Engineer: 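Here it is: the structure, laid out below.
Throughout, a chain's letter reflects where its sequence line sits, starting with A, and its residues are numbered from 1. Just so you know, these numbers come straight off a predicted model, no measurement behind them. Because only heavy atoms are used, hydrogens play no part in the values below, and waters and symmetry mates are left out as well, while side chains stay in.
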Amino acid sequence: MSTEQHNERRSKVEALRSAGVDPYPIGFVPTAEAAELHARFKDLGSEATTGEQVSVAGRLMGKRDLGKLSFGVLQDRSGRIQLFADQRTLGDELAAFVDLDLGDLIGVTGEVITTKRGELSVRIHEFSLLAKALWPLPEKWHGLADVETRYRQRYLDLIANEEARRVFGIRSRVMRELRRAFEGRGYVEVETPVLQSQAGGALAEPFQTHHNALSIDMYLRIALELYLKRLIIGGVDKVFEIGRVFRNEGVSPQHNPEFTMLESYEAYADYEDIMRLVEETVSGVALAVVGSSEIEYQDRPLDLTAPWRRASFMELINEATGREWSPEMPVEDAREAARELGVDVEVGGTGKVLEDLFGRFVEPGLWEPTFVVDFPKEISPFARDHRDEPGLVERFEGFVAGIEMCNAFTELNDPEEQLRRFEAQAEARAQGDEEAHLTDLDFVHAMEYGMPPTGGLGIGVDRLVMILANVSTVREVILFPHMRPLEGEASGPGS
RNA sequence: GGGCCUGUAGCUCAAUCGGCAGAGCAGCGGACUUUUAAUCCGAAGGUCGUGGGUUCGAUCCCCACCGGGCCCA
């Protein structure tokens with residue numbers, strides 16, 4: 001592809017080369033950044049000189065030529081600073097400055113001054129082109145708006161849109177604060193296999209691949225669960241991992257095929273402990289990252305301050321549907337009653353019906369942070385039987401602004417019961433439930449050495465970032481979300 | 001998988017109920033020593049997502065396909 005402007009800039013590159021100038025030189029050393037200069041010199045009046053010589057480097061984002069004078073806008077990673085180029089100082093070099101194009105990367109050395117209007121600027125003594133930009137930038141006022149281009153060419157989004165830089169700044173700080181929080185509690189960070197011969201730990205469809213040397217099919221992990229629990233068995237009593245997991249499912253505003261999960265396991269804890277861990281960690285991260293645990297999400301107030309509401313899964317369904325349900329009711333009765341409410345469930349047992357009812361009638365209304373506790377055993381193959389309630393397990397999901405943000409259990413640590421759960425899953429799979437879990441005998445074997453009672457947790461990190469960054473789709477917090485490849489492209493996610 | 005919306009200049013957007021597609025920014029030529037989305041003058045820039053169909057004539061209507069978004073399953 002080529003256009004008039006692209007050709008124009010390529011001929012400028014040729015002209016520079018002919019004149020002996022390298023359009024892509026190395027060796028420029030910046031000594032200052034825009035934000036730092038604004039902070040240091042915020043109290044200068046107008047027409048001030050400082051005698052301070054600095055070197056700044058960045059992308060030329062604006063230029064206003066006034067004959068024998070030209071103003072530029074330089075953007076670096078910290079922000080923007082005005083450049084002041086005048087013929088008195090630069091002589092003939094002013095023409096070369098005026099010849100720069102928006103988008104060019106340049107290095108500038110000069111004195112920190114303020115202009116007549118009081119704008120902090122660097123008066124250019126010397127400048128050099130550091131990298132020529134051959135394509136024009138998006139529109140300077142509206143930025144880049146087309147969502148498809150923003151995702152496919154994220155670098156342009158980051159160059160042109162302050163909002164994109166803000167969101168990914170938040171993401172970076174959330175990652176840092178999560179690590180800090182778990183490390184502060186004595187957790188050890190680990191890395192476990194992404195390539196697995198059997199993808200387990202969640203009820204989801206995996207991506208399949210092949211290991212040539214071993215000549216076996218392999219799968220990308222769908223959860224971190226089973227390896228982290230092996231570490232708990234190994235005596236790593238407090239362990240966490242932040243990693244990418246992959247689920248071969250549809251994309252939606254809340255789903256990307258690969259996403260970032262934080263899982264943690266703590267020996268001798270139960271799900272009550274984990275609820276406190278979650279509400280304290282999330283409100284603490286909010287405080288550290290956005291300055292408060294009382295935030296606004298999509299124009300509605302959202303209070304993340306601990307403690308969060310606890311509500312029973314079964315009671316929520318009963319209230320929302322106006323009927324009495326039980327995890328132990330016959331599946332045919334449950335299906336029939338659900339059908340009367342417009343919910344048709346053809347696979348699985350009563351637990352599956354209850355799960356669908358929950359998603360349909362309860363989930364959308366859970367705005368304030370809520371721990372939904374005590375799930376049906378059937379849909380929770382790794383959670384321990386509830387200490388009081390038959391048919392239920394000690395499991396909770398945390399919902400924030402209607403978004404499922406975490407999932408946690410008092411972990412099942414009885415190997416014989418675990419084997420029975422796997423057998424039940426195998427039965428479900430035989431009945432047509434393609435997301436049912438595969439039996440993992442190696443994991444059962446590990447449990448047979450003795451697994452301590454444990455509280456485990458999974459947090460959807462992308463969703464947490466969505467909430468703290470106040471954006472409505474997960475694609476806004478993933479740098480390169482998956483897209484269908486365009487014809488002729490051959491790299492990158494979905495391209 | 002189904003429904004709705006969407007694709008026009010490098011970017012942000014118009015318009016055409018079927019009759020030569022037009023603005024701003026960016027770019028090009030010119031003026032300007034204090035601009036802040038600089039301003040002023042001038043001349044350019046288009047496979048209207050792709051392919052078919054209907055029509056004297058299609059960017060517009062119809063069909064299929066491609067990309068994207070939202071909702072539902």
Engineer: N/O contacts under 3.5 Å, protein versus nucleotides 42-51 of chain B?
Structural biologist:
none

Engineer: Out of U34(B), C28(B), G68(B), which has the shortest distance to the side chain of E148(A)?
Structural biologist: G68(B)
Engineer: Students often mix this up, so state it plainly: with edges at 30° and 60°, are the rings of F313(A) and F358(A) parallel, tilted or perpendicular?
Structural biologist: parallel
Engineer: If I take atom NE2 in residue H6(A) and atom P in nucleotide A9(B), what distance separates them, rounded to the nearest angstrom?
Structural biologist: 18 Å
Engineer: Grab the CG-P distance between L90(A) and U33(B) for me, whole Å please.
Structural biologist: 15 Å
Engineer: Please report the distance separating the C1' of U55(B) from the corresponding atom of C72(B), rounded so that it comes out in whole Å.
Structural biologist: 38 Å
Engineer: Of the nucleotides G67(B), G27(B), C25(B), which has the atom closest to the K140(A) side chain?
Structural biologist: C25(B)
Engineer: Nearest heavy atom decides the nucleotide; on that basis, is G143(A) or R88(A) closer to the 5' end of RNA chain B?
Structural biologist: G143(A)
Engineer: Just by modelled atom types, is the E126(A) backbone N or O under 3.5 Å from a matching donor or acceptor in the T109(A) side chain?
Structural biologist: no
Engineer: Tell me, do T473(A) and M466(A) make a side-chain contact under 4.5 Å, heavy atoms counted?
Structural biologist: no
Engineer: If I pick the C1' atom on A43(B) and the same atom on G29(B), what distance separates them, to the nearest angstrom?
Structural biologist: 7 Å
Engineer: Suppose you measure atom P in U47(B) against the same atom in A21(B); what distance do you get, rounded to whole Å?
Structural biologist: 13 Å
Engineer: Students often get this wrong, so: under 4.0 angstrom with heavy atoms, is E8(A) touching a base, only sugar-phosphate, or nothing?
Structural biologist: sugar-phosphate
Engineer: Using a 3.5 Å limit for the pairing distances, which stems of at least 3 consecutive Watson-Crick or G-U wobble pairs does RNA chain B take part in?
Structural biologist: B:1-7 with B:66-72, B:10-13 with B:22-25, B:28-31 with B:39-42, B:49-53 with B:61-65
Engineer: Walk me through whether R395(A) and N407(A) qualify under side-chain hydrogen bond (donor to acceptor under 3.5 Å, both in side chains).
Structural biologist: CA-CA 7 Å; R395(A) 169 183 178 187; N407(A) 185 22; 3.0 Å; yes
Engineer: Considering only atom P, compute the distance from G42(B) to C25(B) and round it to an integer number of Å.
Structural biologist: 14 Å
Engineer: Taking A34(A)'s backbone N and O only, do any of them form a donor-acceptor pair with R80(A)'s side chain (distance below 3.5 Å, no angle check)?
Structural biologist: no
Engineer: Under 4.0 Å between a side-chain nitrogen and a carboxylate oxygen: does that hold for R166(A) and E162(A)?
Structural biologist: no
Engineer: Could you give me the CA-CA distance, side-chain angles and deciding distance for Y151(A) and E476(A), then say whether side-chain hydrogen bond (donor to acceptor under 3.5 Å, both in side chains) is met?
Structural biologist: CA-CA 8 Å; Y151(A) 299 156; E476(A) 293 293 337; 2.8 Å; yes
Engineer: Kindly write out the residues that satisfy side chain to side chain contact (heavy atoms under 4.5 Å, CB included) with S252(A), not counting sequence neighbours, or none if the list is empty.
Structural biologist: Q254(A), H255(A)
Engineer: Relative to the 5' end of RNA chain B, which residue comes earlier, W141(A) or D146(A), by the nucleotide with the nearest heavy atom?
Structural biologist: D146(A)
Engineer: Within a reach of under 6.0 Å around CD of E340(A), are more than 12 heavy atoms found that belong to other residues, nucleotides or ligands?
Structural biologist: yes
Engineer: For atom P, what is the distance between G45(B) and G2(B), given to the nearest Å?
Structural biologist: 44 Å
Engineer: In this structure, how many angstroms lie between the C1' atom of A26(B) and the CG atom of L134(A), rounded?
Structural biologist: 15 Å
Engineer: Indicate the ring-plane relationship of F371(A) and F396(A), choosing parallel, tilted or perpendicular according to the 30° and 60° boundaries.
Structural biologist: perpendicular
Engineer: Could you walk me through whether R40(A) and T50(A) pass side-chain hydrogen bond (donor to acceptor under 3.5 Å, both in side chains), step by step?
Structural biologist: CA-CA 11 Å; R40(A) 272 177 68 198; T50(A) 64; over 6 Å; no
Engineer: Measure all distances between protein nitrogen or oxygen atoms and nitrogen or oxygen atoms of nucleotides 69-73 of chain B, and list the pairs falling under 3.5 Å.
Structural biologist:
unit_1 : atom_1 : unit_2  : atom_2 : d
G69(B) : OP1    : R475(A) : NE     : 3.1
C70(B) : OP1    : R475(A) : NH2    : 2.9
C70(B) : OP2    : R475(A) : NH2    : 2.5

Engineer: Of all the heavy-atom pairs spanning P481(A) and R154(A), show the shortest one and how long it is.
Structural biologist: CD-NH2, 3.9 Å
Engineer: Check the distance between A9(B)'s P and H142(A)'s NE2 and give it to me in whole angstrom.
Structural biologist: 16 Å
Engineer: Check RNA chain B against residues 41-72 of chain A and give the residues with a non-hydrogen atom under 4.0 Å, in numerical order.
Structural biologist: R64(A), D65(A), L66(A), G67(A), K68(A), L69(A), F71(A)
Engineer: Which nucleotide sits closest to the side chain of Q5(A): U12(B), A26(B), G68(B)?
Structural biologist: A26(B)
Engineer: Is the side chain of R10(A) donor-acceptor paired with the backbone N or O of L134(A) at a distance under 3.5 Å, no angle test?
Structural biologist: no
Engineer: Round to the nearest Å and state the distance from R123(A) atom CZ to U34(B) atom P.
Structural biologist: 15 Å
Engineer: Calculate the interatomic distance between L144(A) atom CG and A37(B) atom P; express it in whole Å.
Structural biologist: 20 Å
Engineer: Before accepting this row, confirm whether a basic side-chain N of the pair D101(A)/K63(A) lies closer than 4.0 Å to the acidic partner's carboxylate O.
Structural biologist: no
Engineer: Does a side-chain N or O of K12(A) approach OP1 or OP2 of G27(B) to a distance below 4.0 Å, or not?
Structural biologist: no
Engineer: Using the P atom as the reference point in each nucleotide, state the distance between U59(B) and G52(B) in Å, no decimals.
Structural biologist: 13 Å
Engineer: Quick one: side chain to side chain donor-acceptor pair (under 3.5 Å) pairs with a partner in residues 17-30 of chain A, sequence neighbours left out?
Structural biologist: none
Engineer: Could you state the CG-P distance from D99(A) to G27(B), rounded to the nearest angstrom?
Structural biologist: 11 Å
Engineer: Look at the side chain of R152(A) and decide which nucleotide, out of G67(B), G27(B), C25(B), has an atom nearest to it.
Structural biologist: G67(B)
Engineer: Using atom C1' of each nucleotide, how far apart are C56(B) and C13(B) to the nearest Å?
Structural biologist: 33 Å
Engineer: For a quick test of reading the model, state the closest non-hydrogen atom pair linking E249(A) to A204(A) and the distance between them.
Structural biologist: OE2-CB, 3.3 Å
Engineer: Taking the C1' atom in each of U16(B) and C20(B), what is the distance between them to the nearest angstrom?
Structural biologist: 12 Å
Engineer: Is there, by distance only and without an angle test, a donor paired with an acceptor across the side chain of E139(A) and the base of A26(B) below 3.5 Å?
Structural biologist: no
Engineer: What integer distance in Å separates I159(A):CD1 from G10(B):P?
Structural biologist: 18 Å
